[in-house]
Amino acid sequence: MQNKERAEALRQAALEYHRFPKPGKLEIRATKPLANGRDLSRAYSPGVAEACLEIKADPATARDYTSRGNLVAVVSNGTAVLGLGNIGALASKPVMEGKAVLFKKFANIDCFDVEVNEADPHKLADIVCALEPTFGAINLEDIKAPDCFIVEKLCRERMNIPVFHDDQHGTAIVVGAAATNALRVAGKSFEDIKVVSTGGGAAGIACLNMLLKLGVKRENVWLCDLQGLVHVGRVADMTEQKAAYAQPGGPRGLADVIEGADLFLGLSGPGVLTQEMVAKMAPAPVIFALANPNPEIDPEDAREVAPKALIATGRSDYPNQVNNVLCFPFIFRGALDVGATEINDAMKIACIEGIAALARATTSAEAAAAYQGEQMTFGPDYLIPKPFDPRLMGVVAVAVAKAAMETGVATRPIEDLAAYKAQLDGSVFKSAMIMRPVFEAASVASRRLVFAEGEDERVLRAASAIMEETIDKPILIGRPDVIEARAERAGLVIRPGRDFEIVNPESDSRYRDYWGTYHEMMQRKGVTPDLARAIMRTNSTAIGAVMVHRGDADSMICGTFGQYLWHLNYIQQVLGTDELHPIAALSLMILEDGPLFIADTHVHPNPSPQQIAETVIAAARHVRRFGVEPKIALCSHSQFGNLDCDTGIRMRGALEILDSEPRNFAYEGEMHADAALDGELRARIFPNSRLEGAANVLVFANTDAASGVRNILKMKARGLEVGPILMGMGNRAHIVTSSITARGLLNIAALAGTPVAQYG
């Protein structure tokens, strides 16, 4: 019953995600201004005719005058949707929209999902080929085998743009990269291994084809499906693609052919591979159990009989996740950027080599900061990079582009590949995916997070999401009966005591210890024993702070109701020290064109020059935590000394303090916000500014200004806030605001659940 309730809760959450705040996951936005008649005359008649005539004269210029060069179609007829089967074109649309979102988020490629009601593979190929004038490339998706082979073959023959069936080749590429590194760890080579595979669908056949290209010998491949071994003379459930792997001899099962296998490749279903079969495999076997959501064998079961097994799955909660997102956004990025006419074998192998080499390379500073707490050293549990490794874009896309040029399929070769890589690397952190590495780090660095307002429904939803998306352990302060009733009312299956720890202010065995600790700390600040007892019964923020002080929790989150400074008072009382004290509140605003950090939004209403300087230094440290190099502007009503107003005087004082020592980050002040965000404007006003380009951190001289900008960006610029991040407390406490959502609480929990990188 519990599993059914949890499944229903997950189902409802998924439906709400797709439905709200507007249906679907995609929308179209204009990239050019359309504010007046002049704009209209250029965007449409008569100006649009000029672009049309240029393209008619030279079709290659379509890339220059339209979006075609960065536009991919995800095309499906819905006949083989992962885990769902033949659900039809319309029902497949959410999946195709999801694929389009991944293209945009990971590689900044625009994408239209195209669902086609056509089951005949030849007619479907005709339709896809007719789309060539619209798109720069085609991603075929979720088309059943063997139809997918027919459609891709016909489209590749007739179209002059890349056509790529990701179910086949994306999986094959990531499997190839994982196998390359697994065999390196095992001390084996492709030429010598025996491969046993289950599942003869599109992905399975493509993986075997790729393994042959990497050096595996055809006679060393044993393919099994529901009918048993694919063998010479078999008739049942055979295709041309399976027949290519037919072994001599009569019918046999998986248990008969697994003996001595070096590599098991599973693309079939759960429980197909047993412990007895694993025991028959070669020493240090490579086991790729890729069935989703349940693999052919659980890694724990495989390691019981083969402790040195090298294992990959399709799941994100195990090491070595084989995920197509490691490949398809970046192989298309490279192909589009050089105007490739196809994605050939050389480009696929270049992709494999790039992914595999990235896992073997020394971890970059950005990746290390993003995945703190997780072992990222090449070895059995790190055979392929993480999907959110920011280096993937540059490494894979450049390798693909280079291979396209070397094999003569690039119509627009790139002269300077180093500059191209630098351009790609620089684009990674401009997307809204900036929070994803934090979640990846939180998924491996387990911390105990105590929520002061545990009865709030938003907290309950956040706690449920934490247990789904991270390995942090939520602790809720509140009355068990109230929490249980509200969780049930919200349709959540989590329950106190069973799924998470609870601290009941009305009855907890630690009550005496907690009020005693608080009294001891506060007895010379007017707190009597009776008052300490009362506070530990009624003040959940103080309770949470004492828990962190005593080591019963690693970090606390409060503030879903009440005034920020009220909460801050108790946090400072209990957790403040000479080394740890509230410096400022920093809000990360995730905007369309990149992140913008705002400080101080809450802590010091009118900070002194010293406090402003501390805010700047702390902000630089926290901004680097996100893999962003800080460029900090000190904002004021005064601009480079033109006014002796209060904010100008204090900002100039802070600048003097900052200038008194060498700093390893860029900063400038005092200035207006528009000068901070517009490098050209700033250059006209103050040509000798030491800040280049747009600032990404705005530090204000009072909380009114900082909070106002923060709220305007939230409401009018559709900015997503992460925070406020309480700086100076060593990540031991964070205070949110009453407007925070459950998703916002999850974001701050992910931050609280990861160590703070110490920079500068």
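Remember, predicted model here, so these are calculated numbers, not experimental data.
- Y17 and Q12 are not linked by any side-chain donor-acceptor pair at a separation below 3.5 angstrom, with hydrogens and angles left out of the test.
- By the neighbour-count criterion of 12 heavy atoms within 6.0 Å, atom NZ of K25 is densely surrounded, having more than that number from other residues, nucleotides or ligands.
- By the neighbour-count criterion of 12 heavy atoms within 6.0 Å, atom CD of E629 is densely surrounded, having more than that number from other residues, nucleotides or ligands.
- With hydrogens and angles disregarded, a donor-acceptor distance shorter than 3.5 Å links the side chain of R315 to the backbone of P293.
- Relative to the ring axis of Y511, R537 places its NZ or CZ within 45° and under 6.0 Å from the centre.
- No more than 12 heavy atoms of other residues, nucleotides or ligands lie within 6.0 Å of CZ in R524, so this atom counts as exposed by the packing criterion.
- Take H602 and apply the ring pair (Phe, Tyr, Trp, His ring centres under 6.0 Å) test, not counting sequence neighbours, and it matches Y564.
- Remark: H519 NE2 is packed, more than 12 non-hydrogen atoms of other residues, nucleotides or ligands lying under 6.0 Å away.
- In terms of modelled atom types and a separation under 3.5 Å, the side chain of K631 and the main chain of Y667 share no donor-acceptor contact.
- Side-chain contact between I735 and T541: absent, with no pair of heavy atoms (C-beta onward) separated by less than 4.5 Å.
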Show your reasoning for whether salt bridge (charged side-chain N to carboxylate O under 4.0 Å, His left out) applies to E27 and K22.
CA-CA 10 Å; E27 67 179 6; K22 62 171 60 177; 2.9 Å; yes
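- In this model, a donor atom of one side chain and an acceptor atom of the other lie less than 3.5 Å apart for N731 and H734.
- Shown here is R663, whose CZ atom has more than 12 heavy atoms of other residues, nucleotides or ligands within 6.0 Å.
- For the pair R461 and E457, the salt-bridge criterion is met [side-chain N within less than 4.0 Å of a carboxylate O].
- With N323 contributing its side chain and L326 its backbone, the two residues share no donor-acceptor pair below 3.5 Å.
- Between H567 and F561, the angle of the ring planes goes over 60°, which puts this pair in the perpendicular group of the 30/60° scheme.
- Salt bridge status for E8 with R11: present, with a side-chain N to carboxylate O gap under 4.0 Å.
- Judged purely by atom type and a 3.5 angstrom limit, E670 has no side-chain atom pairing as donor or acceptor with the backbone of S636.
- A salt bridge links D508 to R510: at least one charged side-chain nitrogen sits closer than 4.0 Å to a carboxylate oxygen.
- Between the side chain of R533 and the backbone N or O of W515 there is no donor-acceptor pair closer than 3.5 Å.
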